[in-house]
Amino acid sequence: MTLEESLTGKLGKNIASASDAELYRALLAYVKEKTNERPLTTGNKKLYYISAEFLIGRQLGKNLINLGIYKEVNELLEKNGKSLAKVADEEMEPSLGNGGLGRLAACFLDSIATLDLNGDGVGLRYHFGLFKQEFRNHKQYEVPDRWLSEDCCLTKTDVCFPVTFGKTTVMSRMYDLDVVGFKKGHTKLHLFDLDTIDENLVKEGISFDKTQIEKNLTLFLYPDDSDKDGQLLRIYQQYFMVSNAAQLIIKEQKELGHDLRRMADHVAIQINDTHPSLVIPELIRLLIKEGISFRDAAGIVTGVCAYTNHTILAEALEKWPMSYLNKVVPHLMPIIGGLDFGVVCAYHDNHNLNIIDGEGKVHMARLDMHYSHSVNGVAALHTKILKHQELRPFFENYAEKFNNKTNGITFRRWLMLCNPELAGMITDLIGEDWMYNAAELERLMYFHNDEGVLRHLDEIKRHKKEEAALFIKEKEGVDIDPESVFCIHVKRMHEYKRQQMNALNIIYEYMNIKNGNYPARPITVIFGGKAAPAYYMAKNVIHLILCLQQLINNDPVVSRYLKVVMLQNYNISKAEVVIPAADISEQISLASKEASGTGNMKFMLNGAVTLGTNDGANVEIRDLVGIENIYTFGKSSDEVINLYNTNGYHAIDFYNRSESIRSCVDFITSDELRRIGDDSMLRDLQDNLKNKDWFMTLLDLEHYSSVKETAVFDYQNRAKWTRMMLVNVARSGFFSSDRTITEYDRDIWHLR
Ligand code: 26Q
């Protein structure tokens with residue numbers, strides 16, 4: 001049957017007369033059929049990638065690419081006067097993650113399937129993903145974002161497990177998402193849920209009654225850790241997730257006839273940050289029930305589990321009071337106690353290693369490091385800091401466990417799907433090999449002085465900027481000029497990521513323009529990102545940006561040289577539009593604080609030039625492209641760490657010493673901005689910058705401004721700039737998640 005016959009059959013009418021919604025449904029069914037024609041990946045050993053977040057984004061376009069039928073479908077729809085983009089827009093967006101960590105898990109699944117590795121994902125089926133962000137009065141409001149629907153990519157299964165919390169036992173249900181690899185490979189993402197969830201509990205905004213877990217357990221994904229609310233429910237979720245994972249693993253091992261004592265030969269578990277850490281005691285508990293001794297079970301589980309750390313921010317490391325765990329998982333307490341006892345006996349002179357600290361808090365990362373055989377960071381600098389600073393006592397005892405796995409991204413979504421023009425140009429120049437081995441992109445270097453190629457690259461960028469400008473006009477109602485330099489700063493709102501530094505630089509530019517000093521070329525600064533609902537300072541930064549947007553875009557003179565746009569509800573779909581349109585990729589975290597970053601890689605792959613600190617994977621980008629193809633600034637991670645250790649940074653000194661810094665910070669509470677915004681929010685932000693500024697904004701501000709000015713000046717030299725673009729694309733192969741996953745398998749999982 002041809003594609004056309006199949007779709008017409010499903011529609012019960014011809015394509016031309018079908019609505020976009022009907023076409024979406026038909027294509028979804030078609031994709032499921034095609035996917036099921038591919039056998040599931042098998043092997044002697046199986047990976048379970050457990051994660052509280054899988055920020056998978058919309059599935060249709062990616063699946064068509066991976067099945068190798070995107071072009072065919074696109075042409076067929078076009079022939080019938082339909083647009084695949086519009087049809088794909090019918091799909092609800094699954095926002096089952098906060099940011100980098102969740103998106104990484106999604107990219108990893110794509111690569112695991114593509115490499116035909118035997119590995120599944122395990123997580124939770126949140127009914128509402130991360131909240132939807134709305135702006136009113138220049139402020140963020142959170143509203144529930146229901147994504148489940150009749151025609152959704154998940155398949156309900158009849159796999160169910162009992163999960164016990166103290167006196168309550170609930171029955172889970174597993175839902176499956178097909179993960180189809182590029183041209184080959186087929187694995188699954190298993191998302192667990194309860195049949196008893198009551199969506200009607202959600203009333204005002206995103207608040208709800210947190211008492212009845214049977215009704216609310218999987219309602220929401222937790223916004224990151226700065227939200228202190230609902231910690232108990234968070235533990236309920238975590239235990240529910242890992243108990244299901246552990247029961248699924250044991251069930252599958254038994255079905256295969258494997259000896260549970262040999263589990264480490266047949267199973268690998270990757271623990272994605274500490275959110276799934278309770279899998280360690282849970283699996284030990286289940287193995288004990290199977291007749292294995294505590295000691296042996298602990299040994300087996302250590303051989304199975306591997307832990308990835310994603311942060312060095314102390315406040316983001318999970319520590320749960322014993323009283324909480326006692327309430328949620330009383331039956332795990334003897335096991336956690338026993339595991340801690342083992343540590344205390346082995347390292348009695350070093351309390352820093354204890355799982356349970358002097359205040360009775362359980363340190364999840366410590367549990368992972370003692371009872372996993374691998375501990376990895378997510379970029380070279382990050383792993384170095386873990387070894388020699390943050391986790392030093394553990395490195396001293398377990399040097400052999402520590403390893404680095406620099407993050408990666410899937411080029412299927414982040415190039416082929418979102419930038420088919422650039423993907424096509426690359427294929428025209430060097431053939432298709434890069435799709436199977438991203439390192440082949442290096443062959444583009446052959447063209448780095450080829451004027452025709454550079455011009456074409458520039459034309460594609462221009463085209464993507466025009467597309468993004470149309471999109472922004474339609475969605476945000478803001479006019480931006482594709483002739484201007486697009487500086488794009490999209491990621492979760494957090495003080496360490498320093499969106500406030502970018503905002504202060506906008507103020508600096510604004511004042512320059514007011515004084516008749518114009519930038520070398522008009523600039524458009526595009527922000528996007530959500531703040532955790534309880535993270536007051538991050539919300540103040542959004543407020544400042546929205547006030548600046550209002551002030552600047554409506555100023556008849558300034559707006560000729562400078563525009564500001566804060567995208568509402570930044571998500572994967574919006575990322576797919578703006579990333580290909582970027583000239584400058586803003587990666588300006590305080591050095592040492594961004595574990596890796598993955599947005600930086602997506603921008604690079606799409607030909608943007610990085611303006612960044614020497615932090616996370618920016619360091620590796622710099623090493624790959626060379627210092628002449630990146631703009632770096634700011635204090636080094638060593639200097640920053642030293643400032644923290646010596647209490648050597650005082651924002652107010654920078655404020656007092658520099659006239660220019662002072663005028664930018666003062667402007668936050670200027671009459672102009674207070675006329676637009678909220679007095680107390682602006683004042684609190686200003687106070688914080690002068691008197692606290694924990695992430696050292698003022699330390700790097702002047703250096704940032706001057707390097708950005710240089711970048712905008714260089715942009716005028718099109719020959720130079722387009723060559724930089726080409727070098728960035730050519731050297732980005734290292735950041736393919738296929739490379740990352742190949743390394744995980746080689747060093748940790750050994751699935752083959
Ligand atoms: C913790 C406790 C309670 C509630 C929520 C949380 C929580 C939730 C999400 C803690 C952390 C996160 C997310 C962390 C995250 O996204 N980290 C990012 O991981 C990326 C992938 O490795 C890196 O590239 C980024 O540098 C890192 O910030």
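In this text, all values refer to a predicted model and were calculated from it rather than measured experimentally. In this chain, numbering begins with 1 at the start of the sequence shown. As the structure lists them, so they are numbered: ligands from 1, and atoms in each ligand from 1. Both backbone and side-chain heavy atoms feed into the values below; hydrogens, waters and symmetry mates do not.
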>> Any nitrogen or oxygen of E594, side chain or backbone, less than 3.5 Å from one on ligand 1?
In response: yes
> ligand 1 and W320, any nitrogen or oxygen pair closer than 3.5 angstrom?
Replying inline: no
>> Do M537 and W694 have side chains that approach each other closer than 4.5 Å (heavy atoms only, starting at C-beta)?
In response: no
Using a strict cut-off of 4.0 Å, indicate which atoms of ligand 1 neighbour a heavy atom of [X].
| X | answer |
| --- | --- |
| E53 | 8 (C), 9 (C) |
| A595 | 26 (O) |
| V378 | 22 (O) |
| Y496 | 28 (O) |

>> On the six-membered ring of F108, is K405 placed so that its NZ or CZ lies under 6.0 angstrom from the centre and within 45° of the ring axis?
In response: no
> Parallel, tilted or perpendicular: which fits the ring planes of Y49 and W749, with parallel below 30° and perpendicular above 60°?
Replying inline: perpendicular
> Should the pair F394 and Y398 be assigned to parallel (<30°), tilted (30 to 60°) or perpendicular (>60°) ring geometry?
Replying inline: parallel
When you look for heavy atoms under 4.0 Å from ligand 1, do you find them on the side chain of [X], its backbone, both, or neither?
| X | answer |
| --- | --- |
| E318 | side chain |
| R103 | neither |
| T308 | neither |

Nearest option to [atom], as decided by whichever heavy atom of [options] sits closest:
| atom | options | answer |
| --- | --- | --- |
| atom 12 (C) of ligand 1 | M364, H275, R234, K593 | H275 |
| atom 19 (O) of ligand 1 | L101, I235, N98 | L101 |
| atom 24 (O) of ligand 1 | G597, G100, A617 | G597 |

Counting only heavy atoms not in [X], do more than 12 sit closer than 6.0 Å to its [atom1] atom?
| X | atom1 | answer |
| --- | --- | --- |
| K188 | NZ | yes |
| K319 | NZ | no |
| K635 | NZ | no |

> Does ligand 1 have an atom under 4.0 Å from some heavy atom of N407?
Replying inline: yes
>> Using ring pair (Phe, Tyr, Trp, His ring centres under 6.0 Å), reason through H190 and Y48 one step at a time and then give a plain yes or no.
In response: CA-CA 10 Å; H190 308 290; Y48 296 84; 7.6 Å; no
>> Looking at E576 and R58, is there a salt bridge between them, counting it only when a charged N and a carboxylate O are closer than 4.0 Å?
In response: no
